[in-house]
Colleague: 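Structure below; questions to follow.
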Amino acid sequence: MKKYFILFAMVLGISFNSFANAKKVDYNFDFNSEKIKTYLNLDSIQNEEVKTIHYNFKKAMLHVPEIEDEKVKEQYIKNGINYILINMSVVLDEKQYRKYLRVLNVTFYNKGIII
């Protein structure tokens with residue numbers, strides 16, 4: 001029980017810190033396919049599928065800055081992230097998927113997107 005309370009306190013603290021340090025969100029979702037290919041050890045088929053998934057995600061996210069309502073914008077981003085996660089879980093094996101999730105979390109954090 002004590003562990004859950006500490007975990008809750010940490011999450012709450014991080015949330016408040018995120019709001020306090022709010023910065024402009026970057027919606028440019030370019031990625032370096034060669035670096036991802038090397039980092040995840042992708043074969044050629046996986047590499048093409050990953051490129052296609054990222055292209056579709058990037059194309060969908062082009063409209064995000066135009067959305068005025070923050071709730072709608074947040075839901076749009078979450079839907080896009082779910083699209084990536086679902087498709088990548090099919091394309092990548094378990095080890096590759098875990099590594100990809102780490103990269104994705106760092107990327108979104110650096111862009112100011114809190115998931």
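Reckoned from all heavy atoms, side chains included, excluding hydrogens, waters and symmetry mates. Heads up: numbering here begins at 1 and tracks the sequence. This one's a predicted model, so the numbers in the text were calculated from it and none came from an experiment.
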Colleague: Identify, with sequence neighbours excluded, every residue that meets side chain to side chain contact (heavy atoms under 4.5 Å, CB included) alongside Y76.
Modeller: A60, M61, H63, V64, I67
Colleague: Establish whether I77 and Y55 are linked, either directly or via other cluster members, by ILVMFWY side-chain heavy-atom contacts under 4.5 Å.
Modeller: no
Colleague: Are side-chain heavy atoms of Y100 and L104 found at a separation under 4.5 Å?
Modeller: yes
Colleague: If you measure from CD on E34 to NZ on K37, what distance do you get to the nearest 0.5 Å?
Modeller: 5.5 Å
Colleague: Which distance, rounded to the nearest 0.5 Å, do you find between the CG of N47 and the NZ of K51?
Modeller: 5.0 Å
Colleague: With N79, which residues qualify under side chain to side chain donor-acceptor pair (under 3.5 Å), at least two apart?
Modeller: Q75
Colleague: Please collect all salt bridge (charged side-chain N to carboxylate O under 4.0 Å, His left out) contacts where either partner lies in residues 81-90, sequence neighbours excluded, each pair once.
Modeller: none
Colleague: Which donor-acceptor pairs under 3.5 Å do side chains of residues 80-96 form with protein atoms, sequence neighbours excluded?
Modeller:
| residue | atom | partner | partner atom | Å |
| --- | --- | --- | --- | --- |
| N82 | ND2 | K78 | O | 3.4 |
| Y83 | OH | N56 | ND2 | 3.1 |
| N87 | ND2 | Y83 | O | 2.8 |
| S89 | OG | L85 | O | 3.3 |
| S89 | OG | I86 | O | 2.7 |
| D93 | OD1 | K95 | N | 3.2 |
| D93 | OD1 | Q96 | N | 2.8 |
| E94 | OE2 | R98 | NH2 | 3.2 |
| Q96 | OE1 | Q46 | NE2 | 3.0 |
| Q96 | OE1 | D93 | N | 3.1 |
| Q96 | NE2 | L40 | O | 2.8 |
| Q96 | NE2 | N41 | O | 3.2 |
| Q96 | NE2 | Q46 | OE1 | 3.4 |

Colleague: Find the distance between CD (E66) and NZ (K73) and round it off to the nearest 0.5 Å.
Modeller: 10.0 Å
